[in-house]
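Each ligand, and each atom within it, is numbered from 1 in the order the structure gives.
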Amino acid sequence: MNKELAIQKYNEKIKRVIITEEEIKQAIKKAGEEIDASYDGRPILLISILNGAYVFLSDLSRAITVPSEIAFMRVKSYYQGTESSGKVTVLMDVDRDLSNYHVIVVEDIVDTGRTLKDVCALLKERNPLSLKVVALLDKPDRRIVDFNADKVLFTIPDFFVIGYGLDCDEYYRNLPYIAEYDSSK
Ligand code: IMP
Ligand code: MG
């Protein structure tokens with residue numbers, strides 16, 4: 001396939017923008033102000049789950065003006081059937097003692113809920129001062145396990161979405177908006 005055709009096919013999969021760059025910016029500004037107001041003066045650790053949440057963390061962390069630290073974690077969630085196993089394999093761990101922090105897990109999307117349910121169970125065992133989850137997106141129609149984030153910026157229907165950190169086979173993470181992915185082409 002020639003280069004132009006490959007790029008054309010890549011772009012054709014971006015079906016339509018469902019959340020614009022400006023809408024994301026406004027929602028993050030508001031979320032940052034809420035965090036500022038409720039955590040003021042307390043030690044905050046924002047934990048981003050890689051890879052999907054890297055863009056969201058980057059913007060959310062800069063919308064927060066009170067003292068805060070960032071850390072990264074990479075996990076693999078295993079499950080049998082429709083139930084979460086409650087066990088996650090940590091591929092890259094947080095390098096901080098959580099008992100010193102109010103932890104805010106920063107995630108791109110809550111889909112079945114398995115990843116966050118397992119991650120929260122694991123982090124709770126480390127006795128953080130408190131533990132909350134902020135997710136950019138939520139697809140409640142897809143939920144399989146009982147899990148809800150403390151704060152969701154956008155609730156969306158059951159679309160496969162790309163952009164702003166979210167990928168399809170590792171592509172499209174760098175789009176500045178959230179788009180529906182077209183799997184029909
Ligand atoms: P869960 O454990 O099923 O909630 O899965 C959450 C993970 O699945 C997210 O962190 C994403 O990496 C991925 N995911 C779920 N839905 C989408 C989507 O629509 N687009 C891209 N990635 C998704
Ligand atoms: Mg992810």
Side-chain angles (χ1 to χ4, degrees), residues 9-21 23-25 27-28 31 45-61 70-94 103-126 131-185:
K9 283 181 96 65
Y10 182 84
N11 287 324
E12 274 175 3
K13 300 268 192 190
I14 307 168
K15 193 170 174 184
R16 67 190 174 97
V17 176
I18 61 166
I19 307 168
T20 66
E21 206 175 340
E23 286 169 327
I24 298 170
K25 205 173 151 192
I28 290 181
L45 182 64
L46 300 167
I47 301 180
S48 170
I49 312 292
L50 292 172
N51 291 336
Y54 82 104
V55 182
F56 182 34
L57 175 82
S58 169
D59 284 343
L60 182 65
S61 64
I70 60 162
F72 296 93
M73 191 173 192
R74 212 184 154 120
V75 298
K76 194 169 170 58
S77 192
Y78 290 100
Y79 46 84
Q80 288 183 320
T82 57
E83 277 308 302
S84 175
S85 65
K87 285 204 179 88
V88 279
T89 297
V90 178
L91 303 177
M92 192 189 104
D93 209 346
V94 176
V103 170
I104 305 175
V105 176
V106 178
E107 178 60 311
D108 53 358
I109 189 165
V110 192
D111 188 34
T112 65
R114 284 171 175 138
T115 307
L116 280 170
K117 190 173 184 179
D118 289 355
V119 165
C120 286
L122 178 107
L123 295 180
K124 261 184 203 145
E125 286 172 14
R126 301 178 183 180
L131 180 69
K132 296 257 192 243
V133 174
V134 52
L136 177 71
L137 304 173
D138 188 9
K139 287 199 278 194
D141 297 345
R142 292 259 310 162
R143 203 73 90 254
I144 286 173
V145 297
D146 180 24
F147 178 85
N148 285 305
D150 299 283
K151 167 91 185 160
V152 167
L153 275 58
F154 301 95
T155 299
I156 60 168
D158 181 13
F159 295 144
F160 192 82
V161 291
I162 50 172
Y164 201 78
L166 291 119
D167 71 307
C168 181
D169 293 335
E170 296 302 325
Y171 286 125
Y172 304 102
R173 292 194 195 273
N174 55 334
L175 296 175
Y177 46 76
I178 305 281
E180 184 180 354
Y181 179 75
D182 192 347
S183 47
S184 69
K185 291 199 174 98

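Under the side chain to side chain donor-acceptor pair (under 3.5 Å) criterion, Asp93 pairs with Arg126, not counting sequence neighbours. For Thr20, the side-chain contact (heavy atoms from CB on, under 4.5 Å) partners are Val17, Glu22, Glu23, not counting sequence neighbours.
Close approach to Arg114 involves these atoms of ligand 1, each under 4.0 Å from a residue heavy atom: 2 (O), 4 (O). Atoms of ligand 1 lying under 4.0 Å from any heavy atom of Glu107, numbered from 1 in the order shown and given with element: 10 (O). Every atom of ligand 1 is numbered from 1 in the order shown, and the set under 4.0 Å from a heavy atom of Lys139 is 16 (N), 17 (C), 18 (C), 19 (O). Residue Asp167 approaches ligand 1 through these ligand atoms, each under 4.0 Å from one of its heavy atoms: 21 (C). Residue Phe159 has at least one heavy-atom neighbour below 4.0 Å for each of these atoms of ligand 1: 19 (O).
Of the heavy atoms in Leu166, only side-chain atoms (C-beta onward) come closer than 4.0 Å to ligand 1. Within the 4.0 Å heavy-atom criterion, the part of Asp108 lying near ligand 1 is the side chain and not the backbone.
Contact of the Lys13 side chain with the Ile162 side chain is not registered, since no non-hydrogen atoms from C-beta on lie closer than 4.5 Å.
Taking a 4.0 Å cut-off on heavy atoms, Gly52 fails to register as neighbouring ligand 1. Arg142 does not count as a contact of ligand 1, since none of its heavy atoms falls under 4.0 Å from the ligand.
Taking 4.0 Å as the cut-off between side-chain N and carboxylate O, Asp59 and Lys25 do not count as a salt-bridged pair.
Taking the six-membered ring where the residue is Trp, Tyr10 and Tyr172 present parallel rings, their angle staying beneath 30° rather than reaching 60°.
Asp108 CG to Leu153 CG: the interatomic distance, rounded to the nearest 0.5 Å, is 12.5 Å.
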Evaluation steps, side chain to side chain contact (heavy atoms under 4.5 Å, CB included), between Val119 and Val133: CA-CA 10 Å; Val119 165; Val133 174; over 6 Å; no

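The closest heavy-atom contact to atom 17 (C) of ligand 1, among the options Tyr181, Phe160, Tyr172, Phe147, comes from Phe160. The option from Leu116, Thr115, Leu136 that lies nearest to atom 5 (O) of ligand 1, judged by heavy atoms, is Thr115.
Open room surrounds CG on Asp146; 12 or fewer heavy atoms of other groups in view lie less than 6.0 Å from it.
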